[in-house]
Amino acid sequence: MKYAGKKVITMIITLFAVTLFVFLAFHFISGDPATSMLGTEATPERVEALREEMGLNDPVLLQYGRWALNFLKGDMGISYSYRMSVSEMVADKIPVTVTLTILAFLMMVVIAIPLGIYTAKHVGGVIDRIIYMINQVIMAFPPFFAGILITLVFGRILKLFTPGGYVSYQKDFFGFVGYLIFPAFAIALPKAAMAVKLLRSSVISESKLDYVRTAYSRGNSTKAVLYKHVLKNALIPVITFLGMALADMIAGSIIIEQVFSIPGLGRILLTSISNRDYPVVMAVIVCISLLVLVVNMVVDIIYGLVDPRISIE
Amino acid sequence: MIRNGKKNYNLIVGSIITGFILLLILVGTFYTPYDPDAMDAASKFAGVSLKHPMGCDNFGRDIFSRVLEGSRTTFIVAAGTVFIGTFFGIIMGALTGYYGGIVDEILMRFNDAMFAFPSILLALLFISLFGSGKYQVILALGIAFIPSFARIVRSEFIKCKNMDYVKNAKLQGASNIRIMFVHILPNTVTVLLSAIMIGFNNAVLAEAGMSFLGIGVQPPDASLGRMLSEAQTYLFSAPTYAIFPGLIIILMVLGFSLLGDGLKSEE
Amino acid sequence: MDEKHLLKVTDLNIEFHDHIVPETVVYDFDLTLDEGDIVGLVGESGSGKSMSALAIAGLLSRKDMKKRGEILFEGVDLLTCERSTLRDIQGNDISVIFQEPMTSLNPVKKIGWQVEESLRIHTDMTKEERYQKVIQMLEDVELDNPEQVYNQYPHELSGGMRQRVMIAAAMICAPKILIADEPTTALDVTIQAQIVKLLKRINKEKKTAIIFISHDLSLVKQICERVLVMQGGYIVESGLTEDIFNNPQKEYTKKLIEAIPKVDRNKKG
Amino acid sequence: MAEKILEVSDLCVSYECARKTPFEKKKSIQVLKEVSFSMEKGEILGLVGESGSGKTTLARAILGMIPYEGTIIKTIENPQMVFQDPYGSLNPSKKVGWILEEPLRLKGGYTDEERHEKVVAMLHMVGLDEKFMDRYPRQLSGGQRQRVCIAGALMLEPKLLIADEPVSALDVTIQAQILELLQRIHKEMDLSIIFISHDLRVVYQMCDTVMIMKDGQIVERGTVEEVYFNHKSEYTGNLLQSAGIDINS
C-alpha cells in the first residue's frame, strides 16, 4: 500500500513537471496571446487592455498557477479560432479517443497473450517460424498504412463498414463501437505482434532458469511448469510493455483518427496545430499526458502486485 | 553467419533487404527515371507499365521516381534522428550512470517523465511550436529519442561501473573520462547497436506518421508518409499509389529489425 | 533384473546434440545405491558429475541418453518408462537440491507454496494437512518461525535459510533418494557445516540415500562412505572413501588429493 | 625486525543505506569497527572471514578506493589488487595485450616497443606466452584469466599485492597452480601479499601470518601456527571445525 502511495505521489509530481514544461514552452514560444486573439490590426491600447484583463502582465509562475487551477476546475481557456470554451470543445472528444484506445488495448491482449504462449510452447516448430515471420512483417507496418489497407480491404472491397461513416456515441453507442473496431484493429495489430515476440522470448529465457529445473524435479509436467511457474515470471516484462504500448496507443490514435475520419482528440489537435490555436493544443496535450501518466501509474502498481521483489525493496 | 550448424536466417534476410533498400536510396540520389516533381497530365493515374514501373499519381508524376526520392528523405530523417538521440543519449547516460548522485536523480526523474511520453506527442508539441519541415522533424524526433537512449546507456554504465575491471582501471590511475569512454563504452556496443536498430525503425515510422498527418516533411521534399496521405483519397481508383510507398516503409523497417535480431543472436 | 538395489545405473552415456558433432559429456557411468547410502561424486568442472546426477533425477532430455545404458530405480528403467511414471517418481521418490538456492527457488512464489508443491502433485492431502506438514518440515530443517517463513518470498531469506527451504521442499514426500548437487558451495563455512550436519541427520533418521556431488574433496571425505572420482566424463576411480583417500590408485586421484592444501603442524618447521 | 610497510590504526568504514524517502534520516551500517594492525615487508598475510566480515572492505580502504576514518600509513607506492572473479576483472572488449599495456600507458614514459617488451616479459613471468596478447578474455580458461589478472597487477612492479579470493572460483588443480605462482612471484619480486580468503586450508598453505575477521573486527592475529593450533578465540575454533580441520593431527 505504501508502494502504491509512492507511485501516486510520483505521478502527481510528474504531472506537475509536465504541465509546467508545456505551459512554459507555450508561454515563451507561442507569442502574445492577446495579439493572437485580436489580430495584428488591433491598436496597442486594446492589446494592452486585454493583456491586463487576461493577467498576462503577472509573473509567469502566477500565470501558471492560475492556469493550472482553472484547468483543474475544468476551465481550459478560450479557443483563438473558434472563440468558444476549450473545455466544451475537448469534453466530447475524450470519450472517443479513450474508447478507441481501450478497444485497441483489449484486442492486443486477446491476440497477443494466447499467441505468445502458443509460440513459446512450440519453439522451433514450423508454425512458430511462420508466426515469427508474420510478426516481423506486421511490426514493420506503420499503423496508418495498416489503416489504409483495412479501409481498402474491409471497407471498399468487402464492404464490412463504411469508410468515413463515423457514428457519434451520443446517437448510437453500438454503431459507434462498431465503427471503431476496424481502426482499433489497425492500432492493435503492430503492438500485438511486438507483445507476442516479447512474451515468446520472455518465456524462453525464463525457461532456462534454475527454478524451472527445480519445478521439473518435483514431478511437474511441462504444462504445469509453464502455467504454474514460468508464466507469472515471464509476464513481468510483458506488463511493462503493455503499459508502454497503451500509452503509445493513446498517441497512435492521433494518426488513426485521421485515417478513419474519427473526431477524437487527435483530430482536434491537428486542426489546432495548423491553426496555431495554442489554448486548444495545450489542453489536448495536457489531457493526453494525463491519460498516459495515469496508465503508467496503474502499470507500476500492478507491477508491484505481481513482483514481490519490487514492492518490498 | 553459421553457428552451431544453424544458419542465421535473420541476419542473411535482414542484410539482403537492407542492402536492397540502401541500393535504392543510393541510386535514387544520382538518378531517377523521371523528375519526381514533373507533372504530366496525360499519364494521370497511369497503371503499372514498363514506362512507369509503379504507375503515376493524381498529377501524373512517376511514383517510382517519387518513391526513390521519398525513401531517401525518410532515411535521412531517421538517420539524423538516431544520430541526435544516440549522441546526446550516450553523453547523458554515461555521465548520469557513471557519477550517480543528485544530478542523476533529477535528470532521471525528468527522463522518466519524458520516457513515459509517447515520442510522437513530444514531436507534435515541438512541431506546433517551431513549425514543420525536414529539419524540424529531425530535431523534434531526435530530442524525443534522447531519453530512451540515455536510459539504455545509463543502465549499461551502472552495470559496468561496478565490475572489477573498472575498479582495476581506477586503481591503475585511469581518469574518469578515460574509464567512461575507453574502458566502459566499448562494452555497451552490443546493446547500443540493437537500440539503434530499434530506434531507427521507430524514427522511420514516426517520420512517416508525421508526414502522413501533414506536419512532417513539407513539399517540395517527397516523403513516403506524405505520398500515403495523398494516396488515401484515390485509394480505390489507384491502389498502387498507396501500396508501393507503404511497401518500401515496411521493407525498410523489416530489414533493420531482422538485422537487429540476427546480430543479437550472433553474440 | 536386479531388484535388490534401490538404484542401479549401468553404462549411462550422455551426449549433447547442440552442435553438428554430438558432444559426449558422460561415458559409461555406473552406480549402485541402497537405502541409507551416502555416495560422493567428485570432480572438477566439466567432469560430468552434475550431468550424471541430473540424468538420474530425470532432468535431461531422453534423446541425449539414447546411446546405451539404463537407470533402474526399484527395477523401473527411468530412461524408457512412461513419462507419467517418471513424473510420479520425481519429487516423490527422488528429489534434488541445487547449488544456488536463490535461483533454484521461484522468485515470485511464496516459500510455503513451493515447499508443499510435491505434496500437491503426489498426494491427495487437503490444504490444511499440507499446511501442517509444511510447517512440520520447516521445523525439521531447523528454521525458526516456520509460520512466518511460510508466507515469505525467497529474496527475503538468507542463503543458509534458502538452502534449508530447498531441503525441506525436497524432503517433504520423504523420498528414497536425495540428490545434492554442490549444496553448500555458495555458502559460508559455518553455514556449510550446519547444512552438512542436517543432511547427515536426514540420512540417519529417514534412511534416505544421498548422492552428494561436490568439487570439494575434504567435504566429501567428511560425509560420504563411498566416493566416485570423475574426470572428463569418465569415472576414474571408485570405492570406499577411506581407501581412496589413503591409497589412491589412479594418477588423477592422487593429483586431486595432493591439490587439497594440507593443514599440518609440521609444514613450516 | 623487518621494516613495516603498512600500518592501519583505528580504521572505521561505514556505508550509508539508501533512503526510501528524502525525508528519512540517513542511516549507516558500520562495516569496519576500529581495525588496527600492521604488516611487515615480505609478509604474506592471510585475511580470513565469512561473508560480511569486512575483509574486502578492509582491502578497499587500504587501496584508497573508499572513504574511511582513522589512519592508514603506507610506506610503499601503488599497491595493486587481484580480484576474485577473473571473468569480471578483465575488460571483455579488450585484448589481453591492451589490458596489460594499460597501466604502462597510464603511467606514461614508455615507447610502444618498451611496452610490448614489458608485457611479453610479464606474460612469461606468469607462465603464459606472447601469443596470448592477441586473445580476448573470453577465449581464456579460468586459470589463464587469473594469470593475466596477476600479470596486470604486477605490471607496475608494486611492492604490495592484495589478492581478494583469487582462487575460490577455480578448480582445485588450477587453484594449486595459481597458489604456486603467487608464492613464486612473492620470492622473485620481493612482494608482500595480503591474501583474502574464506578457505582456511588455502590460507594455511599460502600465508605466514593470518588475521581472522568477524563483523568488522579482528578476532585474532598471529602466525598461522599460533592461530590454527593455539587459537584463543572460540570463533576461530568454530571456523576450523566447520572446515573439517582436525587441529590435533
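Fair warning: this is a prediction, and the values are worked out from it, not measured in the lab. Below, read A as the first sequence line, B as the second, and so on, with proteins coming before strands; counting in each chain starts at 1.
Interface summary for chain B: among A/L15, A/T14, A/L152, the most heavy-atom pairs under 4.5 angstrom belong to A/L152. Ranked by heavy-atom pairs shorter than 4.5 Å toward chain A, the options B/V13, B/I249, B/I215, B/L228 are led by B/L228. Highest contact tally toward chain A, considering only B/L247, B/V204, B/N201, B/N10, is held by B/N10 [criterion: heavy-atom pairs under 4.5 Å]. Taking chain B as the reference chain and counting heavy-atom pairs below 4.5 Å, the highest number among A/Q258, A/M133, A/Q136 is found for A/Q136.
Of all the heavy atoms in A/T97 and A/S253, the pair that sits closest is CG2-OG, 3.5 Å. Contact record, A/F260 with A/A186: CE1-CB, 4.5 Å, taken as the closest heavy-atom pair. When all heavy atoms of A/V259 and A/I148 are compared, the closest pair comes out as CG1-N, 4.0 Å. Closest approach of A/M249 and A/I187 over heavy atoms only: CG-CG2, 3.6 Å.
Heavy atoms of A/F141 lying under 4.5 Å from chain B belong to its backbone as well as its side chain. No part of A/R267 comes within reach of chain B, as not one of its non-hydrogen atoms sits under 4.5 angstrom from that chain. Proximity to chain B (any heavy atom under 4.5 Å) is restricted, for A/V281, to the side chain, taken from C-beta onward. For B/L251, no part lies near chain A; criterion is any non-hydrogen pair under 4.5 Å. Both the backbone and the side chain of B/I250 come within contact range of chain A, judged by heavy atoms closer than 4.5 Å.
A/T119 places a side-chain N or O within 3.5 Å of a backbone atom of A/G116 that can act as its donor or acceptor partner.
Remark: aromatic rings of B/F75 and B/F200 are close, center separation under 6.0 Å.
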